[in-house]
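Structure record follows, encoded as structure tokens.
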There are 2 protein chains.
Amino acid sequence: MARRSDHSREEIRHLALDAAEEIIASDGYKGLSARKIAKAIGYTVGTLYLVFKNLDDLIIQVNGRTLDNLYDWLTERHGDSMDGHQSLLSLTRAYIDYAEQESPRWNLLTDYVVENGQELPDWYEAKLGKVFGLVEHSLAECNSHHDDLTMRRAARVLWAGVNGICISKIRHRFSLAGGQSATEMAEMLIDTFLRGFSQQ
Amino acid sequence: MARRSDHSREEIRHLALDAAEEIIASDGYKGLSARKIAKAIGYTVGTLYLVFKNLDDLIIQVNGRTLDNLYDWLTERHGDSMDGHQSLLSLTRAYIDYAEQESPRWNLLTDYVVENGQELPDWYEAKLGKVFGLVEHSLAECNSHHDDLTMRRAARVLWAGVNGICISKIRHRFSLAGGQSATEMAEMLIDTFLRGFSQQ
DNA sequence: GCACTAAATTGAACAGCGTTCAATAGTGAG
DNA sequence: CTCACTATTGAACGCTGTTCAATTTAGTGC
């Protein structure tokens, strides 16, 4: 039974998060459970609760790793040799690819609802900020006659919009009118938004 | 025990959906369970499974009623005496109000993930279409030099975008950069999008 | 080498979940 | 009054998150 000090707390944390990612990838994010994780890493549930406050805590940490993973995915896939507009489009295509190809973990990321009165931890918002930074950077390249605050706001608005499109297409799969793909919808959003944004 | 024919199947369906809505409103959408519903309507779980295929079926039907409710809310709150741009803004404000004030049922609506290989029923997509119709109508009022298909697509893109903003602000509550409210973000999206859309 | 302490780990227990289905109770017909 | 039919039940199954007394282990001092 107990194998005291086989792994440090930090090692157990890593093992558990690795296992959680595998379970999510194979069984979908609803297939995740404390007992499955424990079994996969050769410990029992009790141990998990020494390392994580609860399953919500674990899920936030999984989502944190998904954000890191997403950041890497986006930076790998979109070069910055092009102009801002193209750069934004390629960023968006890369994001939609990610949502489609890594849909279980992307769903978990998007699905998370912050409980009433709760807030996301700072380190989590920092990881989110890093991803937003990519959007801001691309946006800044194609339009520089707005002040910093306006640029940051525009980046957030645009990205929330792109995310909304992903949700409607990938999560809900409904196909109302038009029959555009998520990518086509996102392109329409970006093209039109940018046109409006530059003519202000 | 059994009170045969006290209620028709259709009546039980209504009772159950009413009860489900109340539970969601008071306990949050994660607090919903078959046993709670059964208890609230004076039947047992077994009966629920005669009326609904499973809990997923019930939830889709709750969401259907939420869509009806949302449609009524939107039509009550936004007059159509104004021009298209103002009309779109008022529609959006009404939608955000709904998401904020009816957040448990709105969360359930937004949270629903269509299982792999599944699709939303036709009657559900029809209800969704009715809500989209309001957006299309407003959009058509402020811009009529695009063909029908483009208008429908623009309406969908814009609304998915507004919804994305709601999700990032209301569900995730994160407050990255800018510190705008959901309404301010949505206004920025609509103003900028419409400017770009009319200058095409 | 041994006893002791303190920490790591367990796993049974609790209250809940969705779902099923044999058994039961109530109804209307003959 | 009995029969057949069906609406309804509720126990059972296997799962869930979470807790915590009990147990095993590692390391220290002797």
Side-chain angles (χ1 to χ4, degrees), chain A residues 1-17 19-20 22-24 26-63 104 107-108 111-116 118, chain B residues 1-17 19-20 22-24 26-63 104 107-108 111-116 118:
Chain A
M1 140 196 190
R3 300 155 308 165
R4 183 182 155 130
S5 301
D6 254 22
H7 302 101
S8 69
R9 232 142 244 239
E10 188 57 21
E11 282 171 329
I12 293 176
R13 200 180 77 91
H14 269 93
L15 286 171
L17 293 176
E22 273 183 41
I23 293 165
I24 290 162
S26 63
D27 302 358
Y29 79 106
K30 282 180 182 166
L32 189 69
S33 82
R35 283 173 179 82
K36 273 192 198 169
I37 296 170
K39 195 177 175 187
I41 64 173
Y43 282 84
T44 56
V45 270
T47 304
L48 281 181
Y49 282 83
L50 294 172
V51 179
F52 301 96
K53 209 177 125 227
N54 51 36
L55 220 64
D56 228 55
D57 179 26
L58 185 146
I59 287 172
I60 290 183
Q61 297 195 35
V62 169
N63 281 344
N107 269 323
L108 186 63
D111 195 59
Y112 190 76
V113 180
V114 177
E115 298 298 323
N116 240 323
Q118 296 277 308
Chain B
M1 141 199 190
R3 300 155 306 165
R4 184 182 158 125
S5 300
D6 256 19
H7 302 100
S8 70
R9 231 143 243 239
E10 188 56 22
E11 283 172 329
I12 292 176
R13 200 180 77 90
H14 268 91
L15 286 171
L17 293 176
E22 273 182 42
I23 292 165
I24 291 162
S26 63
D27 302 359
Y29 78 108
K30 282 179 181 166
L32 188 70
S33 82
R35 284 173 178 84
K36 273 191 199 170
I37 297 169
K39 196 177 176 187
I41 65 173
Y43 281 85
T44 55
V45 271
T47 303
L48 281 180
Y49 283 83
L50 294 172
V51 179
F52 301 96
K53 208 177 126 228
N54 50 37
L55 219 65
D56 229 55
D57 179 25
L58 185 146
I59 286 171
I60 290 182
Q61 296 195 34
V62 169
N63 281 345
N107 269 323
L108 186 64
D111 195 60
Y112 189 77
V113 180
V114 178
E115 298 298 323
N116 240 322
Q118 296 279 308

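Chain letters run A, B, ... following the sequence lines, proteins first, then strands; residues in each count from 1. Below, all heavy atoms of this structure are taken into account, side chains as well, without hydrogens, waters or symmetry copies.
Taking atom CG of A:Leu50 as the reference point, atom C1' of C:dT9 lies 8 Å away to the nearest angstrom. The nearest whole Å value for the distance from the NZ atom in A:Lys39 to the C1' atom in C:dG11 is 15 Å. Summarising the geometry, the separation between CD on A:Glu11 and P on C:dA8 is reported as 13 Å, rounded to the nearest angstrom. If you take CD1 of B:Ile12 and C1' of D:dT9, they are 12 Å apart, rounded to a whole angstrom. Rounded to a whole Å, the CZ atom of A:Arg9 is 8 Å from the C1' atom of C:dA8. Per the geometry, NZ belonging to A:Lys30 stands 15 Å off C1' belonging to D:dT16, to the nearest Å. For the pair B:Tyr43 OH and D:dT9 C1', the computed distance is 12 Å after rounding to whole Å. Following rounding to the nearest Å, B:Glu10 (CD) and D:dA7 (P) show an atom-to-atom distance of 15 Å.
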Mind listing the N/O atom pairs, protein and nucleotides 13-16 of chain C, below 3.5 Å?
residue, atom, partner, partner atom, Å
C:dA13, N6, A:Arg35, NH2, 3.3

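Taken residue by residue, residues 52-61 of chain B places heavy atoms nearer than 4.0 Å to DNA chain C at B:Asn54, B:Leu55.
Over its length, the helix from C:dG1-D:dC30 to C:dG30-D:dC1 turns its helix axis by 30°, as judged from the five terminal pairs at each end, rounded to 10°.
For the salt bridge (charged side-chain N to carboxylate O under 4.0 Å, His left out) condition, no pair includes a residue of residues 46-58 of chain B, sequence neighbours left out. Within the structure, the salt bridge (charged side-chain N to carboxylate O under 4.0 Å, His left out) test picks out the following pairs touching residues 32-47 of chain B (sequence neighbours left out): B:Asp27-B:Lys36.
Partners of A:Leu55 under the side chain to side chain contact (heavy atoms under 4.5 Å, CB included) rule, at least two apart in sequence or in another chain, are A:Ala34.
Distance check: B:Ile59 CD1 to B:Asp111 CG gives 9.0 Å after rounding to the nearest 0.5 Å. The CD1 atom of A:Ile24 sits 4.5 Å away from the CG atom of A:Leu32 when rounded to the nearest 0.5 Å.
Here the nucleotide nearest the side chain of B:Ala34, chosen from D:dG10, C:dT9, C:dT19, is C:dT19.
Between A:Tyr49 and D:dT19 there is no side-chain N or O to OP1 or OP2 distance below 4.0 Å. Dashed line: the shortest gap from a side-chain N or O of A:Thr47 to OP1 or OP2 of C:dA8 is not under 4.0 Å.
Tested against B:Thr47 for a side chain to side chain contact (heavy atoms under 4.5 Å, CB included), the candidates B:Ile41, B:Ile37, B:Ile12 yield a single pass: B:Ile12.
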